[in-house]
Amino acid sequence: PGGGVCRGGWGMIGAGLGGGDSLKGGEGGKCFAQCGLHLLWVSAYVVRGLESIAPRLATAIPLVIYKFTEAMNNVEGASAAGDNYNLRKILAADGIGAIVGSMLGSPFPPAVYIGHPGWKSVGGRIGYSFATGIAIALVCFLGLTALLLNLIPLVAILPILLYIGLVIGAQAFQASPAKHAPAVVLAIIPNIAEWAKINIDGGLGAAGTSADKVGMAALGQVGVVYQGLATLGGGSVLAGMVLGAMAAFIIDRKLMQAAIVAFIGAALSFIGLIHGPHLGWMVSPLVALGYVMFGAVCLLMCRPDAPPAPA
């Protein structure tokens, strides 16, 4: 009953705002209709969903691997900024939070803060995280998500993300040895390829077509190497880590370690975790062969008596 009264009051306010320009497209009534008191309830949907989880594992497994590597990278970024955290405890809290959230009906898993150095540089501390949690909880419990998305323009949010992106990008070079700068750039390239492919797919989709319908030959004639972007950007986070590690080991003249990473890249490519659109067997065999050949060359050139790399 209390929730109904709240929604009724919000609805009357929304009806007034909906007739003006306060909200985009006169959506005030619809946004306020979602407002009310939404308490937590244990849901059984997650249990029923596990019955048909098998066909979704091909999507879930890469997502879990991505979240693991993302959390690990974010913790490492915080460490480079001078704050050391226990990775095992963070991953445990992340996983427990996802399980508890799913049992309460949430499809969104928690995530480790990205851009720790950026938040720290503007004065963000543990109180910022605590206040953020309270604010998000109130927004969800009161059903204010749609309202805020309509009231706050996107251009007011993007500068914050741009600033955090700049700080993260700068930290990648500042916290790494100067000689590893080429490895950092190489690790970024798969992510750029994935970003370009997403934008191409979005543009073609808006025009009512797709890359398959247009054809690879037609795209290639205007300089769009679509298949190359798709292959390079597949599993971009893991692919970037593999390529960056290979380059760093080569710069340090640690060819044995570079060969090991190359063979790992071959295995990941073979099953589609990197450089592939999906999980499977022999997903990207030519890419896997390339990694194997690169690893073999590293082994052939590996000399135990090789001089160390200059600092």
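Nothing fancy with the numbering, it's 1 onward along the sequence.
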List the atom of [X], the atom of [Y], and the distance in Å for their closest heavy-atom pair.
| X | Y | value |
| --- | --- | --- |
| Ser236 | Glu194 | OG-OE1, 2.5 Å |
| Leu87 | Ala71 | CD1-O, 4.5 Å |
| Tyr291 | Ala262 | CB-O, 3.3 Å |
| His275 | Leu232 | ND1-O, 3.6 Å |
| Ala266 | Val292 | CB-CG2, 3.6 Å |
| Val112 | Asn74 | O-ND2, 3.2 Å |

Met72 atom CE, over 12 foreign heavy atoms within 6.0 Å |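 It does: Met72 CE has more than 12 such atoms within range.
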CD1 (Ile126) with more than 12 external heavy atoms under 6.0 Å =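 No, the 6.0 Å shell around CD1 holds no more than 12 heavy atoms from other groups.
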Working to the nearest 0.5 Å, report the span between [atom1] of [X] and [atom2] of [Y].
| X | Y | atom1 | atom2 | result |
| --- | --- | --- | --- | --- |
| Cys298 | Gln257 | SG | CD | 10.5 Å |
| Thr231 | Ile274 | OG1 | CD1 | 11.5 Å |
| Asn199 | Leu204 | CG | CG | 11.0 Å |
| Met241 | Ile264 | CE | CD1 | 10.5 Å |
| Tyr226 | Ile200 | OH | CD1 | 7.5 Å |
| Ser284 | Leu273 | OG | CG | 10.5 Å |

In terms of hydrophobic clustering (I, L, V, M, F, W, Y; side-chain heavy atoms under 4.5 Å; direct or indirect links), are [X] and [Y] co-clustered?
| X | Y | value |
| --- | --- | --- |
| Ile188 | Val185 | yes |
| Leu161 | Leu166 | no |
| Met293 | Phe270 | no |
| Ile192 | Val184 | yes |
| Leu186 | Val297 | yes |

Would you indicate whether the side-chain heavy atoms of [Y] and [X] approach each other to under 4.5 Å?
| X | Y | result |
| --- | --- | --- |
| Leu299 | Phe263 | yes |
| Val283 | Ser269 | no |
| Leu243 | Ile189 | no |

Test side-chain contact (heavy atoms from CB on, under 4.5 Å) applied to Val225 and Met216, step by step | CA-CA 8 Å; Val225 190; Met216 299 299 113; over 6 Å; no
Return yes if some donor-acceptor pair links the side-chain N/O of [X] with the main-chain N/O of [Y] below 3.5 Å, else return no.
| X | Y | value |
| --- | --- | --- |
| Thr132 | Tyr128 | yes |
| Asn150 | Ala146 | yes |
| Asn86 | Arg88 | yes |
| Ser176 | Phe173 | no |

Test Leu91 against Phe68 for side-chain contact (heavy atoms from CB on, under 4.5 Å), laying out the working first.
-> CA-CA 8 Å; Leu91 293 176; Phe68 168 76; 3.4 Å; yes
Check the pair Trp281, Ile271 against side-chain contact (heavy atoms from CB on, under 4.5 Å), reporting the backbone distance first and the verdict last.
-> CA-CA 5 Å; Trp281 198 250; Ile271 61 176; 4.1 Å; yes
Lys197: what forms a salt bridge (Lys or Arg N to Asp or Glu O under 4.0 Å) with it, not counting sequence neighbours?
->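 Result, salt bridge (Lys or Arg N to Asp or Glu O under 4.0 Å) vs Lys197: Asp201.
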Can you list the other members of the hydrophobic cluster that holds Val155, where links are side-chain heavy atoms under 4.5 angstrom apart?
->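 Direct or chained contacts put Val155 with none.
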Show the numbers, then the answer: is there a side-chain contact (heavy atoms from CB on, under 4.5 Å) between Phe294 and Ile250?
-> CA-CA 11 Å; Phe294 185 88; Ile250 290 174; 3.1 Å; yes
